[in-house]
Amino acid sequence: MNKVDQSTHKSKENTSEQKLNSSPKQSLDLDKNHVTVGKPFSDDSKMTMRNVDVFYADKQAIYDVNLDIAKNEVIAMIGPSGCGKSTFLRTLNRMNDTVDGCRVSGTIAMDGENLYAPKLDVVELRARVGMVFQKPNPFPKSIYENVAYGAKIHGLADSRVDLDEIVENSLRKASLWEEVKERLHQPGTGLSGGQQQRLCIARAIAVSPEVILMDEPCSALDPIATAKIEELIEELSQNFTIAIVTHSMQQAARVSHRTAYFHLGKLIEVNPTEQVFTLPEHQLTEAYITGRFG
Amino acid sequence: MQVTNILFLLVGLGAFGYYLGRGRSLAMANPLGGIRRLHSLPSYHGMHVALWCLIPSLILLGLWFIFADAVINNLVISSLEPALLPPDSAGYNLVFNKINNIASGVIKEQGQPLGLIEAAQYMDSLRTMSRWSLTLLLLTVSLFGLAWGQRKITVDFRARPAVEKVMQNMLFVCACLAIFTTLGIVLSVLFESIQFFRSVPLYDFVFGLDWSPQTAIREDQVGSSGSFGAIPLFVGTLLVSAVAMFIAVPIGLMSAIYLAEYAGKNVRTFAKPALEVLAGIPTVVYGFFAALTVAPFLRNLGSDFGLAISSESALAAGGVMGIMIIPFISSLADDVITAVPQSMRDGSLAMGATQSETIRRVVIPAALPGIVGGIMLAVSRAIGETMIVVMAAGMAANLTANPLESVTTVTVQIVTLLTGDQEFDSPKTLAAFALGLMLFMVTLVLNIVALHIVKKYREQYE
């Protein structure tokens, strides 16, 4: 981002703070021109979103979201069902393109490059921004083929040896190698749910993306598998930027550095995770994390 | 009384029984505080009475249909004077038919032997008696059933499970009917085939390379010993089917992929029914289209290039058959491709695969069992198809793998063997049954293989 942009954002931030100070008792009703409170911006941003609106046909799902995702951070997106957090996540690698009638306005950029520019190559973008879905969705192929899939498509391996190495490294990074190294050529669908999800993570990191989007990656898993994935997310954050949507506030608290709270398509508050869960700035955030609705 | 009238009467009685049973159960329930006191709803009580009224008499009616004629015939024949009795079974049929015809008035009585006329009159009186006694018997049984059903109605009577049970058995009987019909067809084909193999050895039929089913009708005819080698027919069938599949599989599959993955909603709503119209065209129409339009066109085209294409070629027949089969493959493949979960596609697209890579590497492999099943069904259909090949493939049993030549298929030969005046015990006619049996076995094996493939790979994505 350039300097001018950042300064305008600073001022926005200020106004929101002033607003907060001037009316400490906010109502639970959302005012029309809500401005995100907290610290949505970063000096070291990997992805920047400005004035993002998303529409499904005539229905608006996301209202004027401004947010930065910093390099190598884990940002969690929480909020009640239907608040638009998954929709927002899917705009970041343009997976919303596959939905009929979905329209995105505003700018979303990665390393300063507009993702919605007409000449942008979606295929290349998705190789740089990987995604893990809510339900594990391994392909009906062998474990090896699942992980090798992206590398084959993008021509990352020149030889079988290269490919073997990529598969092994990815499986190791997803801490699945030890469990599956004896049966790499058995179908990936034969693994347990948690293993399948780690397989999907291995598949995503096999193409060395810069950002990994995770859409409720643990919602279909049991607590032990969930703990493993959370551990994994922490390790991955050393090399990747991760945006994770979750329904579990404990999970957001455990794995993320910053937390963004969405409500009815609006980004209400973004703050360091610790602060969000101990001292939320906005009334709505507090109401949500204390379980008054959700 | 005519049987149809009896049936109407029975149905009327059944309806009356329903009405009575329902009324009786209602009358019992009302003083106790409404139908909630009944174990079963009044309509079930009504049904129960109606079933008691109908089922026993219908069973009796069925038995009558099976046995009455045989009993009457035996009585009539045994009443004949010994002088009129024929010496052998063929003559027996002749005499019997005569009596029958006199009795039903097809043949005038004048000029017939007195014994036959008497027998015919006897038969007539027996039939009348049997019909009247049947009517009386059925009415009595029905009324008894009705009364019995009525008597059984109490507040606690479990009419609902009873009716349920009867319904279940009725469905079972219907299912059995379908199975037994199939079994009957198979057995009749099998027995006729066995008769055929008595005159032509099995080995000569299955592995023979020459097909010319012209047998001598008279002893003194020459040059028509007949040879029944089925290989040329099966090769012809396979050739035509192969040409058909060569056209139908790629086109059907690709149009399915387009419809399922690329086409917008508007195109889909228009194109899918339009493709399925192809399946609704009668095969006769395809047949003369192949014979009168495609075959001459191909012959002319071939002569332009210096190729000799016969005017009845496997190519023309197979090509048109392929077009006929396209909708089978496309609509089956479309269904299985659409059934592949969206999460598979999302997973692949999110990896940065293009849409066609996703289709090639993820969607098609996942849908493969269904697609193979569809193709196998289409192959069975192609092998069994008759009309197009009758019109366009020709009659000459050439043993060739060249699609430009005229070939003949199993179904064509069955048609030619069985049309026109035939004796039903010559090997020429019986050969049709043997061919049918072999064709049936081939398609059966194909279907089993298809089922097996589908089963083996079915649960891959879940």
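In what follows, every chain begins at residue 1, and chains take the letters A, B, ... in the order their sequences are listed. This is a predicted model, so every value here is computed, not measured.
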Criterion side chain to side chain contact (heavy atoms under 4.5 Å, CB included) on B/Leu349 and A/Met95, from CA distance to verdict
CA-CA 8 Å; B/Leu349 291 173; A/Met95 277 305 282; 4.2 Å; yes
B/Asp346 and A/Arg90: side chain to side chain contact (heavy atoms under 4.5 Å, CB included), yes or no, with the steps?
CA-CA 11 Å; B/Asp346 282 350; A/Arg90 290 166 68 97; 4.1 Å; yes
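The CZ atom of B/Arg361 lies 8.5 Å from the CD atom of A/Glu145; values are rounded to the nearest 0.5 Å.
The two residues B/Ala350 and A/Asn93 come nearest to each other via the heavy atoms CB-ND2, 4.3 Å. A pairwise comparison of heavy atoms in B/Met351 and A/Gly150 identifies CE-CA, 3.7 Å as the closest pair. Considering all non-hydrogen atoms of both residues, B/Ser348 and A/Tyr149 come closest at OG-OH, 2.6 Å. Smallest separation of non-hydrogen atoms from B/Pro365 and A/Lys141: CG-NZ, 4.2 Å. The two residues B/Ser343 and A/Asn137 have their closest heavy-atom pair at O-ND2, 2.7 Å.
A/Phe139 touches chain B through backbone and side chain together, each having a heavy atom under 4.5 Å away. Contact annotation for A/Val122: neither backbone nor side-chain heavy atoms come within less than 4.5 Å of a heavy atom of chain B.
Annotation: B/Tyr262, atom OH; neighbour count of heavy atoms from other residues, nucleotides and ligands within 6.0 Å is above 12. Residue A/Glu235 places its CD atom among more than 12 non-hydrogen atoms of other residues, nucleotides or ligands, all under 6.0 Å distant. In this structure, A/Phe55 places its CZ atom where more than 12 heavy-atom neighbours from other residues, nucleotides or ligands lie under 6.0 Å away. Summarising the local packing, CD1 of A/Ile224 is surrounded by 12 or fewer heavy atoms from other residues, nucleotides or ligands at distances under 6.0 Å.
The greatest number of non-hydrogen atom pairs below 4.5 Å with chain B, out of A/Ile153, A/Thr98, A/Asp100, A/Leu125, is found for A/Ile153.
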